[in-house]
Participant: 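First the structure, which I've put down as structure tokens, then a few questions once you've had a look.
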Amino acid sequence: MQPLIITCAPVGAELTPEQTPHLAVTPKQLGAVAAEVVQAGASLIHVHCRNDDGTNTHDVARFRAAYEAIRANSDLIVQFSTGGAIGMTPKERAAVLQLRPEMATLTCGSVNFGDEIFENSFPIMRAIAAAMKEYGVRPELEIFDKGHLANARRLATEGVLALPQHVDFVLGVPGALEASVQNLCELVRDLPEGCTWSVAGIGRQQLPLAMAAIAMGGHVRVGLEDNIYYSKGRLATNGELVARIVRIAGEAGRPVATPAQAREILSLPPLAGAGIGRVAS
Ligand code: KMH
Ligand code: ZN
């Protein structure tokens, strides 16, 4: 089996500082999280940003500052969110691509998201995929529901998306596909040829789905974006969530990928040099 890529998604768009004291708000705090999770064993960081008051933002300058803080503290693969938050325009969501991060997410379909709708119509997906192509950003396909893989195939047939890609199954969002090992197995069976995959279980399903992925040869996403608890009633830090996956992988005999190994697995170019990223100036 390939070394295990552990993605950390520390922030998200929905979490509030009232829910956990461990939410990284400033770029400096995000840089500290990067140091903590790379030390613990993560190789990829999925980035959302906050204003100083903790509210969500997709401001390009804030993403640049976040990128610089992460890169100053780690060689993690940096992946920007283009999912953003519910209600953002596609233009706002895609604007961060101009910074040319190594990776960014491409959500492959609309879905109920609690009481709201996370809108990813074909025109939205095409626009974000085209911006990724323009800026040379590698997509990670976010799959919240079974039909989303078919949507990715359709985008590939249209020529707006190259396949294979790295795929992240986000399971357990209220209103989308439930987080179960059976659903995960069905999605993996339906993966386009040559894709690598990870799973992000929401809430208390984060751990069991991560354990299944470790056993199945997939990769794992953990972090406060998807789950704020270490165990019932006990809030987690991002570092603790990553460290637990490293321990479980160790028990299972699965080596954990360094960021350099993760770049190889994902066919990303190596970092040009220590502390040097490719975010455009
Ligand atoms: N905040 C969600 C509406 C992504 O980052 O690409 C979307 C999201 C997915 O978090
Ligand atoms: Zn996200």
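Read the numbers this way: they start at 1 and go in the same order the structure lists the ligands and their atoms. All figures in this text were calculated on a predicted structure; none of them were measured in a lab.
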Participant: Do Glu142 and His148 have side-chain N/O donor and acceptor atoms under 3.5 Å apart?
Facilitator: no

Participant: Looking only at distances, can you tell me whether any N or O atom of Gly84, backbone or side chain, sits closer than 3.5 Å to an N or O atom of ligand 1?
Facilitator: yes

Participant: Under 2.8 Å from the Zn ion (ligand 2), which protein N/O/S atoms are there?
Facilitator: His46 NE2, His48 NE2, Glu225 OE2

Participant: For ligand 1, which atoms sit closer than 4.0 Å to a heavy atom of Glu14?
Facilitator: 1 (N), 2 (C), 3 (C)

Participant: With heavy-atom distances below 4.0 Å as the criterion, list the atoms of ligand 1 near Phe118.
Facilitator: 3 (C), 7 (C)

Participant: Do Thr57 and Asp59 have side-chain atoms, one donor and one acceptor, less than 3.5 Å apart?
Facilitator: no

Participant: What atoms in ligand 1 come closer than 4.0 Å to a heavy atom of Glu225?
Facilitator: 10 (O)

Participant: Are any non-hydrogen side-chain atoms of Leu4 and Ile245 less than 4.5 angstrom apart?
Facilitator: yes

Participant: Identify every side-chain donor-acceptor pair in residues 37-44 under 3.5 Å, counting partners at least two apart or on other chains, and give the distances.
Facilitator:
none

Participant: May I ask you to test the His22-Leu224 pair for a side-chain heavy-atom distance under 4.5 Å?
Facilitator: yes

Participant: With atoms numbered from 1 as shown, which atoms in ligand 1 lie under 4.0 angstrom from a non-hydrogen atom of Gly83?
Facilitator: 4 (C), 6 (O), 9 (C)

Participant: Could you tell me whether some N/O pair between Ala85 and ligand 1 is separated by less than 3.5 angstrom?
Facilitator: no

Participant: Considering both backbone and side-chain atoms of His48, is one of its nitrogen or oxygen atoms within less than 3.5 Å of a nitrogen or oxygen in ligand 1?
Facilitator: yes

Participant: Decide whether an N or O pair under 3.5 Å exists between Thr82 and ligand 1.
Facilitator: no

Participant: For atom 5 (O) of ligand 1, which candidate among Ala13, Ser81, Ala104 holds the nearest heavy atom?
Facilitator: Ser81

Participant: For Phe118, which residues count as a ring pair (Phe, Tyr, Trp, His ring centres under 6.0 Å) partner, sequence neighbours excluded?
Facilitator: Phe113, Phe144

Participant: Does NZ or CZ of Arg204 come closer than 6.0 Å to the centre of the six-membered ring of Tyr229, within 45° of the ring's axis?
Facilitator: no

Participant: Within the structure provided, determine whether Arg234 and Glu240 are in side-chain contact (heavy-atom separation under 4.5 Å).
Facilitator: yes

Participant: Please tabulate, one pair per line, all N/O donor-acceptor pairs under 3.5 Å involving side-chain atoms of residues 79-88, not counting sequence neighbours.
Facilitator:
from	atom 1	to	atom 2	distance (Å)
Gln79	OE1	His46	ND1	2.8
Gln79	NE2	Glu140	OE1	2.9
Gln79	NE2	Glu140	OE2	3.3
Ser81	OG	His48	NE2	3.4
Ser81	OG	Gly83	N	3.0
Ser81	OG	Gly84	N	3.0
Thr82	OG1	Thr105	O	2.4

